[in-house]
Amino acid sequence: MSLQDLLRLDVHEVARGLLGATLIVDGVGGEIVEVEAYAADDPASHSFGGPTSRNGVMFGPPGRLYVYRSYGVHWCANVVCGPEGEGAAVLLRALRPTDGVELMHRRRGVGDERLLCAGPGRLTQALGITGTHDGARVDRSPFRLRLPVREPLIEATPRIGITKASTLPWRYVVRESRWASRGPRRASS
DNA sequence: CAGTGGATGCTCT
DNA sequence: GAGCATCCACTGT
């Protein structure tokens, strides 16, 4: 299936379909290993309640990036999906770094490889994604998004850090990936 | 390893 | 004025 076709599907199918995909921004990026689905009519979604100046991109065509500031400090990036106007999007939460790892280390200021892209705020910082990319297309420079040959094994868990609809298992993670952000009730070791 | 609190800015009521 | 789709530093085991 083409990227364009995938992005028009239901948000959960898009979320699962993006796992294992390669996301590159100006030569820096890696394999997507953790995402969350934010559906239409989802109380936890920024699109709940209709379009505003912040979430406007969510109601535009699929395949655009919805980037917003989180807690006044971090940027978080979503891929808009589903039928245009629906307001659904997939939050990018973690990557397995493959390209431009040196630059990621410099941008993040950490030595631990595991902490480069494990979490939505860390991921955007490592890839250099900011509010200027709000509304940008994921299939155009500086972005490149390549779907996996085969879908990886996937685990579904509750979404992280939300207060509404907090028990729905709409966080999708590549099974056993060591690159995912730490979630609730993850086995200690 | 678990729990807590601070930073910080913008959106929406 | 409240409330965040977060991260980090620091505490106490």
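All chains are named by letter (A, B, ...) in the order of the sequence lines, taking the proteins before the strands, and each is independently numbered beginning at 1.
Residue A/Tyr71 places no side-chain atom within donor-acceptor reach of the base of B/dA7, judged by atom type and a 3.5 Å distance cut-off alone.
Atom CD of A/Glu34 and atom P of C/dA5 are 16 Å apart (whole Å). Atom P of nucleotide C/dC4 and atom CG of A/Asn78 are separated by 17 Å, given to the nearest angstrom. In this structure, A/Tyr66 atom OH and B/dC10 atom P are separated by 14 Å, rounded to whole Å. When the C1' atom of C/dC7 is taken as reference, atom CH2 of A/Trp75 falls 16 Å away, rounded to whole Å. As a whole-Å value, the separation of A/Leu115 CG from C/dC7 P is 10 Å. Put simply, CG on A/Leu123 is 18 Å from P on C/dA5, counting in whole angstrom units. If you take CZ of A/Arg93 and P of C/dC7, they are 7 Å apart, rounded to a whole angstrom. At whole-Å resolution of the value, CG in A/Leu91 and P in C/dT6 are 8 Å apart.
Here A/Tyr38 counts as stacked on C/dA5: its ring centre is under 5.5 angstrom from the base ring centre and the planes meet at under 30°.
Taking side-chain N and O atoms only, A/Arg69 has no distance below 4.0 Å to OP1 or OP2 of C/dC4. Taking only side-chain nitrogens and oxygens, A/Thr163 comes nearer than 4.0 Å to OP1 or OP2 of C/dC4. OP1 or OP2 of C/dA5 sits under 4.0 Å from a side-chain N or O of A/His46. Taking side-chain N and O atoms only, A/Arg108 has a distance below 4.0 Å to OP1 or OP2 of C/dC8. Side-chain N/O atoms of A/Ser53 include one lying less than 4.0 angstrom from OP1 or OP2 on B/dC12.
Residues A/Val11 and A/Val90 meet the side-chain proximity criterion, which asks for heavy atoms closer than 4.5 Å.
In this structure, A/Arg69 is positioned above the aromatic face of A/Trp75, its NZ or CZ under 6.0 Å from the six-membered ring centre and within 45° of the axis.
Using the Watson-Crick or G-U wobble rule with both distances under 3.5 Å, B/dT8 pairs with nothing in any strand shown. The nucleotide C/dG12 finds its pairing partner in B/dC1, both defining distances of the Watson-Crick or G-U wobble pair being shorter than 3.5 Å.
Annotation: A/Asp5, atom CG; neighbour count of heavy atoms from other residues, nucleotides and ligands within 6.0 Å is above 12.
In the set B/dA7, C/dC7, C/dA5, the nucleotide with an atom closest to the side chain of A/Val73 is B/dA7.
The residue among A/Gly121 and A/Lys164 whose nearest nucleotide of DNA chain C is located toward the 5' end is A/Lys164.
Between the side chains of A/Arg107 and A/Gln125, no donor-acceptor pair of N or O atoms lies under 3.5 Å.
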### Query
Can you list the steps and then say if A/Arg171 with A/Ile160 is a side-chain contact (heavy atoms from CB on, under 4.5 Å)?
CA-CA 8 Å; A/Arg171 168 178 177 255; A/Ile160 293 177; 3.5 Å; yes
